[in-house]
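Down below is the structure, laid out as structure tokens.
Below, each value reflects all heavy atoms present in this structure, side chains not excepted, and no hydrogens, waters or symmetry copies. So that the names make sense, note that chain A is the first sequence line, chain B the second, and so on, each numbered from 1.
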There are 2 protein chains.
Amino acid sequence: MATARETHAADKRRLILDAAVRVFAHRGFNGCRVSDIADEAGVAYGLVYHYFRSKDEVLDTLFLERWNVMLDVIRELDGRDVPPREKLYAITSFIVDSYRHDPELMKVIIVEVTRAANSFGQTHLDKIREAYALIAAIVARAQTEGRFKDTVSPAFAAMAFYGAIEQVLTGWIFDALPVGEDEYEQAKTFVVETICGGLELVSATA
Amino acid sequence: MATARETHAADKRRLILDAAVRVFAHRGFNGCRVSDIADEAGVAYGLVYHYFRSKDEVLDTLFLERWNVMLDVIRELDGRDVPPREKLYAITSFIVDSYRHDPELMKVIIVEVTRAANSFGQTHLDKIREAYALIAAIVARAQTEGRFKDTVSPAFAAMAFYGAIEQVLTGWIFDALPVGEDEYEQAKTFVVETICGGLELVSATA
DNA sequence: GCCGGGATTGACCCGTCAGTCAATCGTCAA
DNA sequence: TTGACGATTGACTGACGGGTCAATCCCGGC
């Protein structure tokens with residue numbers, strides 16, 4: 001049973017994480033100070049270090065929290081008996097909805113983590129690769145079942161698929177694409193249509 | 001007429017730029033010191049500031065040098081009277097060959113500029129958007145000519161296309177995809193096949 | 001009421017670096 | 001040969017910011 005104290009502590013931790021999202025999104029991981037996060041959270045500087053070992057660990061936590069949810073979603077989808085195109089649509093939908101729900105968090109994950117992967121070591125990289133592998137597995141299965149062309153390696157297909165989604169988000173983040181409810185839904189069908197139209201057997205669409 | 005002195009000066013400037021590529025690629029823009037660049041170039045610390053106003057300007061220069069070449073290539077292609085698919089293939093080919101020729105430079109451009117909204121993306125957003133716009137124009141023309149489906153907005157198509165390429169490069173950069181001459185050529189045809197297979201009218205491939 | 005310990009505070013320490021600058025070197029033109 | 005000027009050097013400075021820590025607060029149990 002969580003005491004009021006424990007609940008309160010968890011709240012403070014969350015408060016800091018949420019503040020960090022806003023600060024990282026706005027000024028960038030390297031462009032902000034830990035004191036910015038503390039100020040944004042309305043909390044003393046030192047408290048950040050009570051809950052996290054370092055500034056890096058704050059970013060780590062944000063990334064892992066969200067990425068693990070996505071991995072779970074993809075894994076769950078993988079098990080289902082639905083057409084591959086639907087699986088890819090569901091993944092796209094999840095990512096786009098994640099953006100719709102919390103654009104700042106997605107901005108941080110897309111913009112800061114890739115660069116962090118460079119310096120932070122392999123932890124993130126393995127997690128990211130795991131997502132690619134899961135998508136590749138979906139493609140590979142689709143090929144075995146004769147639903148997708150087998151002339152492209154699943155690994156490449158996974159990159160193209162994920163890259164298309166991520167670039168659309170990047171477009172929204174950097175104002176290179178119009179933003180809005182309609183655009184979000186349109187983007188989902190469009191990405192899947194583009195990628196699958198190229199991956200599926202021609203006879204399937206003809 | 002360039003004197004020996006002027007040539008020498010130009011060489012030193014290049015020396016610093018090339019060294020910066022290696023250092024940025026290896027430790028990241030934020031993770032390295034200006035002295036690292038000077039050391040790598042075998043040059044005194046202060047000389048970097050003789051040729052560049054700031055650390056930022058070194059990265060700016062590297063990015064603009066390469067990006068402008070790419071914009072020129074795309075513009076030149078746009079004018080030619082060849083099928084859209086060939087145009088997209090040529091763009092893909094240019095980018096992949098850029099990576100083949102200087103993977104470290106491409107890593108720096110992708111990791112430190114293209115994906116860095118807050119720091120450098122902001123400065124170069126217009127340049128980056130210009131590339132998207134040029135690609136979108138190619139798609140739009142293809143739609144007008146009845147070669148591509150007109151059910152997807154050219155802007156989205158441009159993002160998906162560029163995103164697929166960039167993600168493949170990212171895969172090479174972070175060892176998520178196998179690297180090699182065969183893979184490079186394979187990647188070109190694959191990206192175009194994937195994207196155009198989805199963008200072209202079904203009747204064109206059926 | 002009173003104690004133990006986790007939560008919270010924020011001033012401070014200290015390493016790190018971007019950028020400066022005064023001095024020296026090397027080249028060229030007259 | 002010489003003087004001017006750009007190229008080159010690297011020690012130095014000043015700001016900045018991550019992380020520490022001793023003090024304080026507050027809750028929950030006894």
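For A:Asn68, the side-chain hydrogen bond (donor to acceptor under 3.5 Å, both in side chains) criterion is met by A:Lys127, not counting sequence neighbours. Residues passing the ring-ring contact (aromatic ring centres under 6.0 Å, His included) test with A:Phe52, sequence neighbours excluded: none. Qualifying side-chain contact (heavy atoms from CB on, under 4.5 Å) partners for B:Glu145, counting only residues two or more places apart in sequence or in other chains: B:Arg141, B:Arg147. Scanning for ring-ring contact (aromatic ring centres under 6.0 Å, His included) contacts around A:Tyr132 gives A:Tyr162, with sequence neighbours left out. B:Glu86 pairs by the salt bridge (Lys or Arg N to Asp or Glu O under 4.0 Å) definition with nothing, not counting sequence neighbours.
Across the protein-nucleic acid pair, B:Leu47 atom CG and C:dT24 atom P stand 18 Å apart, rounded to whole Å. At whole-Å resolution of the value, CZ in B:Arg27 and C1' in C:dC17 are 12 Å apart. The distance from atom NZ of B:Lys12 to atom P of C:dT27 is 10 Å, rounded to the nearest whole Å. Counting to the nearest Å, the P atom of C:dT16 and the CG atom of B:Asp36 are 12 Å from each other. Atom-to-atom, CD of B:Glu57 to C1' of C:dG19 comes out at 13 Å; the value is rounded to the nearest Å. The separation between B:Asp11 atom CG and D:dA7 atom P is 13 Å, rounded to whole Å.
Distances were taken from every side-chain heavy atom of B:Tyr51 (C-beta onward) to each of D:dA7, D:dT9, C:dT8; the shortest belongs to D:dA7. Side-chain proximity of B:Val43 to C:dT9, D:dT9, C:dA7: nearest is D:dT9.
Listed pair A:His50 / C:dA7 meets the phosphate criterion, a side-chain N or O lying under 4.0 Å from OP1 or OP2.
Contact check of residues 15-24 of chain B against DNA chain C (heavy atom, cut-off under 4.0 Å) returns no residues at all.
Residue pairs meeting the salt bridge (charged side-chain N to carboxylate O under 4.0 Å, His left out) criterion with at least one member in residues 156-165 of chain B: none, sequence neighbours excluded. Sorted by first and then second residue, the salt bridge (charged side-chain N to carboxylate O under 4.0 Å, His left out) pairs with a member in residues 160-184 of chain B read B:Arg100-B:Glu181, B:Arg115-B:Glu166; sequence neighbours excluded.
Salt bridge status for B:Asp36 with B:Arg33: present, with a side-chain N to carboxylate O gap under 4.0 Å.
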Whether each nucleotide of nucleotides 18-25 of chain D has a protein heavy atom under 4.0 Å at its base (B), only at its sugar-phosphate (S) or at neither (-) is summarised, 5' to 3', as BBB-----
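Using the six-membered ring where Trp is involved, A:Phe156 and B:Phe190 have ring planes that are tilted, between 30° and 60° apart.
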